[in-house]
K.L.:
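Take a look at the following structure, please.
In each ligand, atom 1 is the first atom listed, and ligand 1 is the first ligand listed. Quick note: numbers below take in every heavy atom, side chains included, and nothing from hydrogens, waters or symmetry partners.
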Amino acid sequence: MAVDPDCIFCKIVAGELPSRRVDEDERTIAFMDISPATRGHALVIPRAHARDLMEVDPEDLRAAAVAAKRLAERMLRRLGADGVNLINSCGAEAWQTVFHFHIHVIPRYAGDPLKLPWVPAPGRPDQIAQAARELQGP
Ligand code: 5GP
Ligand code: ZN
């Protein structure tokens, strides 16, 4: 499997960096974004390193899309979200900052103030942990 030793998301896959994991399957893992745009914001990534949408293996892309849908369903059912944004940024000009392919799964709440692009700011660890507990498990 492709690994980039300098990639923070590869380190999260390997467990070398901590993350709040909320879902996994053979090809993907999902974990909470450290700077959530809204309560429950998660990221789905393939286990294999690929820089971006142009480089990701088609089977990994399929698996990541299915995983994102799985998480979106949980956000609606468990977090009380009213909608979900799936966002992928491909290239620095498109706001990509971590160059390991990922899909943002961002729960949306009626009347929430989120505008795109959001400005990342560290979330409160206790609030991220609580949302992770609600999203974990099938
Ligand atoms: P991008 O800007 O590439 O579309 O998204 C990268 C996302 O990764 C950002 O929303 C950022 O908050 C998140 N992120 C960056 N570093 C870490 C980290 O070490 N752990 C977690 N959980 N999220 C991270
Ligand atoms: Zn990587």
K.L.:
Please output the residues near ligand 1 using a strict heavy-atom distance under 4.0 Å, listed in chain and residue-number order.
P.N.:
I8, F9, I12, F31, M32, D33, I34, S35, L43, S89, W95, Q96, T97, V98, H102, H104
K.L.:
H104: which residues meet the ring-ring contact (aromatic ring centres under 6.0 Å, His included) condition with it, sequence neighbours left out?
P.N.:
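H104: ring-ring contact (aromatic ring centres under 6.0 Å, His included) contacts with H41, H102, W118.
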K.L.:
Treat each ILVMFWY residue as a node, draw an edge where side-chain heavy atoms are under 4.5 Å apart, and state whether V13 and F101 are in one component.
P.N.:
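No.
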K.L.:
Enumerate the protein N/O/S atoms at a distance below 2.8 Å from the Zn ion (ligand 2), ignoring waters.
P.N.:
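Near the Zn ion (ligand 2), below 2.8 Å, one finds C7 SG, C10 SG, H49 ND1, H100 ND1.
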K.L.:
Any heavy-atom pair between the side chains of L61 and L53 that's under 4.5 Å?
P.N.:
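Yes; the side chains approach each other to less than 4.5 Å.
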K.L.:
Within the distance-only criterion (no hydrogens, no angle test), does the side chain of R39 pair as donor or acceptor with the backbone N or O of A81 below 3.5 angstrom?
P.N.:
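Answer holds: no.
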K.L.:
Got a donor-acceptor contact below 3.5 angstrom from the R20 side chain to the A131 backbone?
P.N.:
no
K.L.:
Check whether I45 and V105 end up in the same hydrophobic cluster, where Ile, Leu, Val, Met, Phe, Trp and Tyr are linked by side-chain heavy atoms less than 4.5 Å apart.
P.N.:
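In one cluster: no.
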K.L.:
Do I29 and I128 belong together in a cluster built from hydrophobic side chains that touch within less than 4.5 Å?
P.N.:
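Hydrophobic grouping puts I29 apart from I128.
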K.L.:
With a 4.5 Å heavy-atom cut-off, do R51 and D4 have their side chains touching?
P.N.:
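Contact flag for R51/D4 side chains = no.
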K.L.:
Among residues at least two apart in sequence or on other chains, which ones pass side-chain contact (heavy atoms from CB on, under 4.5 Å) with Q127?
P.N.:
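Here the qualifying residues are R124.
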